[in-house]
A.B. asks: 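One structure coming up, written as structure tokens, with questions to follow.
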Number of protein chains: 2
Amino acid sequence: MRMTDNVVQYILSLLEAEHGSAEFRRNELAETMGCVPSQISYVISSRFTPEQGYLVESRRGGGGYIRITRVQRDAPTLLMHLVNSIGESLDRTTAGVILSNLAERKILSVRDAKLMATAVSDQALSAAAPDIRDNLRAGILKNLLMAAYSAT
Amino acid sequence: MRMTDNVVQYILSLLEAEHGSAEFRRNELAETMGCVPSQISYVISSRFTPEQGYLVESRRGGGGYIRITRVQRDAPTLLMHLVNSIGESLDRTTAGVILSNLAERKILSVRDAKLMATAVSDQALSAAAPDIRDNLRAGILKNLLMAAYSAT
DNA sequence: TAAAATGATAGTCAAACAAAGTCAAAAAGG
DNA sequence: CCTTTTTGACTTTGTTTGACTATCATTTTA
């Protein structure tokens with residue numbers, strides 16, 4: 001398993017245990033996970049972004065910390081924000097992060113998330129030239145999320 | 001015996017051992033089979049297609065993998081016939097007919113059918129030039145049908 | 001006491017690494 | 001011939017690492 005996934009899991013468990021808010025020291029977490037500190041930064045910047053519904057605050061220097069807070073919004077609002085944040089292009093990694101996050105937060109069923117992931121996969125889009133796949137992904141996923149919301 | 005057939009056999013045995021889903025690293029498998037990595041890609045693209053009842057997922061980069069999932073053993077034969085009849089191109093009218101038919105016959109839930117219809121709609125595919133949309137529809141729908149009935 | 005030094009943090013960025021994907025040419029079958 | 005298979009060079013994607021920078025609180029110094 002990737003270090004990235006381990007760190008994600010660990011942070012999610014912290015969020016779970018503390019009802020939506022996790023605070024830690026970057027170096028300490030890196031130590032317990034057995035990775036370099038910048039890996040923590042990588043995980044946060046790729047997996048706990050505002051688009052994913054997380055607020056990240058931090059402070060450097062002595063007594064520094066990183067705090068991640070799950071933004072509390074009802075499902076429709078969260079979906080709307082998400083759809084608006086997607087724009088014209090969506091790479092597959094981000095698509096995957098979005099969908100697993102929605103499933104994790106129980107905004108989508110695991111089944112819906114899997115179907116959507118399939119719909120935006122490279123396999124499904126193989127008929128399109130690689131350089132427009134990200135545009136297709138954006139269009140497809142936005143439509144799917146809207147559909148999932150309105151068909152609830 | 002051809003290398004291709006050896007690789008097919010090996011993957012089939014993995015699928016058997018793991019009840020319908022096999023995950024491996026392309027390079028590793030190539031190593032154990034004694035072939036170049038791209039041969040694995042060739043085998044997958046020619047022998048583990050949706051037409052043959054398989055769904056393929058993959059990831060690049062560190063910790064990358066290829067995962068092949070077989071369709072459920074009790075998947076409706078109609079579904080498989082359908083996937084085979086689709087070919088390289090599927091116009092939106094036919095897609096609509098197919099999906100409402102599947103829902104009608106209760107092979108798909110109404111929700112799944114609606115999501116799939118959204119995924120192959122012109123709206124969702126607006127980023128693609130009109131002349132390739134039918135090709136995209138074919139690829140997307142075939143993959144979605146496999147996903148809806150994939151083992152595990 | 002104000003300024004400077006110190007040490008404890010987190011942030012940034014690019015390079016190194018670890019995969020899988022693509023494509024076209026060569027080889028092998030039929 | 002024509003199709004399928006085999007091969008390998010090259011591309012793209014995603015992760016990991018580490019050197020360097022920025023910031024903040026505390027302690028020392030002038």
Side-chain angles (χ1 to χ4, degrees), chain A residues 1-11 22-49 55-68 89-100 117 120-135 137, chain B residues 1-11 22-49 51-52 55-68 139 143:
Chain A
M1 207 195 200
R2 299 183 200 75
M3 179 56 19
T4 292
D5 294 331
N6 291 333
V7 176
V8 167
Q9 286 309 307
Y10 191 84
I11 292 177
E23 187 174 317
F24 50 84
R25 280 166 208 265
R26 191 180 75 150
N27 288 1
E28 232 172 57
L29 181 52
E31 182 72 24
T32 59
M33 301 300 301
C35 66
V36 296
S38 56
Q39 174 104 49
I40 307 298
S41 304
Y42 171 67
V43 170
I44 291 172
S45 69
S46 65
R47 307 287 202 270
F48 293 92
T49 63
L55 174 67
V56 178
E57 301 157 279
S58 67
R59 218 163 86 181
R60 306 185 190 190
Y65 60 83
I66 296 177
R67 182 164 51 228
I68 299 180
S89 178
L90 181 67
D91 67 79
R92 55 163 161 232
T93 310
T94 307
V97 169
I98 286 173
L99 288 169
S100 61
V120 299
S121 69
D122 269 4
Q123 280 76 25
L125 304 181
S126 61
D131 61 324
I132 70 157
R133 288 191 195 153
D134 285 355
N135 302 287
R137 257 186 277 276
Chain B
M1 205 194 205
R2 290 211 230 56
M3 178 58 13
T4 292
D5 296 327
N6 291 333
V7 176
V8 168
Q9 286 310 308
Y10 191 85
I11 293 176
E23 187 174 316
F24 51 83
R25 282 166 207 265
R26 190 181 75 151
N27 287 1
E28 237 173 52
L29 181 52
E31 181 74 22
T32 59
M33 301 301 301
C35 65
V36 297
S38 57
Q39 174 105 47
I40 307 297
S41 304
Y42 171 68
V43 171
I44 291 172
S45 70
S46 64
R47 306 292 149 89
F48 293 91
T49 63
E51 280 81 1
Q52 287 150 351
L55 183 68
V56 178
E57 301 158 275
S58 67
R59 263 186 94 135
R60 305 188 192 187
Y65 60 81
I66 295 177
R67 182 163 51 228
I68 299 180
N143 275 274

A.B. asks: Taking only side-chain nitrogens and oxygens of R60(B), does any of them come within less than 4.0 Å of OP1 or OP2 of dT11(D)?
C.D. replies: no

A.B. asks: Rounded off to whole Å, could you give me the CG-to-P distance for the N6(B) and dT6(D) pair?
C.D. replies: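 So the CG-P distance, N6(B) to dT6(D), works out to 9 Å.
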
A.B. asks: Quick one: is S58(B) getting a side-chain N or O under 4.0 Å of the dG21(C) phosphate, OP1 or OP2?
C.D. replies: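 Answer is yes, contact under 4.0 Å.
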
A.B. asks: May I ask you to verify if any side-chain N or O of S38(B) is less than 4.0 angstrom from the OP1 or OP2 atom of dG21(C)?
C.D. replies: no

A.B. asks: How is R26(A) classified with respect to the nucleic acid when contacts are heavy atoms under 4.0 Å: base, sugar-phosphate, or nothing?
C.D. replies: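 The residue R26(A) makes base contact.
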
A.B. asks: Counting just side-chain N and O atoms, does N27(B) come under 4.0 Å of either OP1 or OP2 of dA20(C)?
C.D. replies: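 Checking N27(B) against dA20(C): at least one side-chain N or O falls below 4.0 Å of OP1 or OP2.
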
A.B. asks: Which listed nucleotide (dG18(D), dT7(D), dT16(D)) is nearest to the side chain of V36(A)?
C.D. replies: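 Shortest atom-to-atom distance from the side chain points to dG18(D).
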
A.B. asks: Take G61(B) and Q39(A), find for each the nucleotide of DNA chain D with the closest heavy atom, and name the residue whose nucleotide sits nearer the 5' end.
C.D. replies: G61(B)

A.B. asks: Let's see if you can work this out: which of dT16(D), dG11(C), dG21(C) has an atom nearest to the side-chain heavy atoms of S41(B)?
C.D. replies: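 Closest of the options to the side chain of S41(B): dG21(C).
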
A.B. asks: Measure CE/M3(A) against P/dT16(D) and give the value in whole Å, please.
C.D. replies: 7 Å

A.B. asks: Counting N and O atoms only, with roles assigned by atom type, does the side chain of R133(A) sit under 3.5 Å from a partner on the main chain of A128(A), one being a donor and the other an acceptor?
C.D. replies: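 Yes, R133(A) side chain to A128(A) backbone: donor-acceptor pair under 3.5 Å.
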
A.B. asks: Quick one: label I66(B) by what it contacts on the DNA or RNA (base, sugar-phosphate, nothing), any heavy atom closer than 4.0 Å.
C.D. replies: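 Result for I66(B) = sugar-phosphate.
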
A.B. asks: Under a 4.5 Å cut-off applied to non-hydrogen side-chain atoms, are D5(B) and R47(B) in contact?
C.D. replies: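 In contact.
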
A.B. asks: Does atom OH of Y10(B) have more than 12 heavy-atom neighbours from other groups under 6.0 Å away?
C.D. replies: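 12 or below, so no.
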
A.B. asks: I'd like to check the side chain to side chain contact (heavy atoms under 4.5 Å, CB included) partners of Y42(A); sequence neighbours left out, ordered by chain and number.
C.D. replies: T4(A), Q39(A), S46(A)

A.B. asks: Inspect the surroundings of CD in E31(B) and state if more than 12 heavy atoms from other residues, nucleotides or ligands are less than 6.0 Å away.
C.D. replies: no

A.B. asks: Rounding to an integer number of Å, can you tell me how far I68(A) CD1 sits from dA10(C) C1'?
C.D. replies: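 Taking atom C1' of dA10(C) as the reference, CD1 of I68(A) is at 13 Å.
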
A.B. asks: Atom CD of E23(B) to atom P of dA20(C): distance rounded to whole Å?
C.D. replies: 10 Å

A.B. asks: Specify the residue among Y42(B) and R2(A) whose closest nucleotide of DNA chain D lies further upstream toward the 5′ end.
C.D. replies: Y42(B)

A.B. asks: Could you give the CD1-to-C1' distance, from I40(A) to dT9(C), as a whole number of Å?
C.D. replies: 14 Å

A.B. asks: To the nearest 0.5 Å, how far apart are CG in L125(A) and CZ in R137(A)?
C.D. replies: 6.0 Å

A.B. asks: On DNA chain C, does the nearest nucleotide to G63(A) precede the nearest nucleotide to Y65(B) from the 5' side, or the other way round? Give the residue.
C.D. replies: G63(A)

A.B. asks: Give the nucleotide from the list dT4(D), dT22(C), dT16(D) with an atom nearest to the side chain of R133(A).
C.D. replies: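 Among dT4(D), dT22(C), dT16(D), the one nearest the side chain of R133(A) is dT22(C).
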
A.B. asks: Between E31(A) (CD) and dT9(C) (P), how many Å, whole number?
C.D. replies: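 Rounding to the nearest Å, CD of E31(A) and P of dT9(C) are 12 Å apart.
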
A.B. asks: Could you check which of dA20(C), dT5(D), dT12(C) has an atom nearest any side-chain atom of R25(B)?
C.D. replies: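 Selected nucleotide (nearest to the side chain): dA20(C).
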
A.B. asks: M33(A) CE to dT16(D) P: how many Å, rounded?
C.D. replies: 11 Å

A.B. asks: Please classify the nucleic acid contact of T4(B) as base, sugar-phosphate, or nothing, using heavy-atom distances under 4.0 Å.
C.D. replies: sugar-phosphate

A.B. asks: For dA8(C), does OP1 or OP2 lie under 4.0 Å from any side-chain N or O of R59(A)?
C.D. replies: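 The answer is no; no side-chain N or O of R59(A) sits under 4.0 Å from OP1 or OP2.
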
A.B. asks: CD1 of I44(A) versus P of dT15(D): gap in Å, rounded?
C.D. replies: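 Atom CD1 in I44(A) sits about 15 Å away from atom P in dT15(D).
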
A.B. asks: How is R67(A) classified with respect to the nucleic acid when contacts are heavy atoms under 4.0 Å: base, sugar-phosphate, or nothing?
C.D. replies: nothing

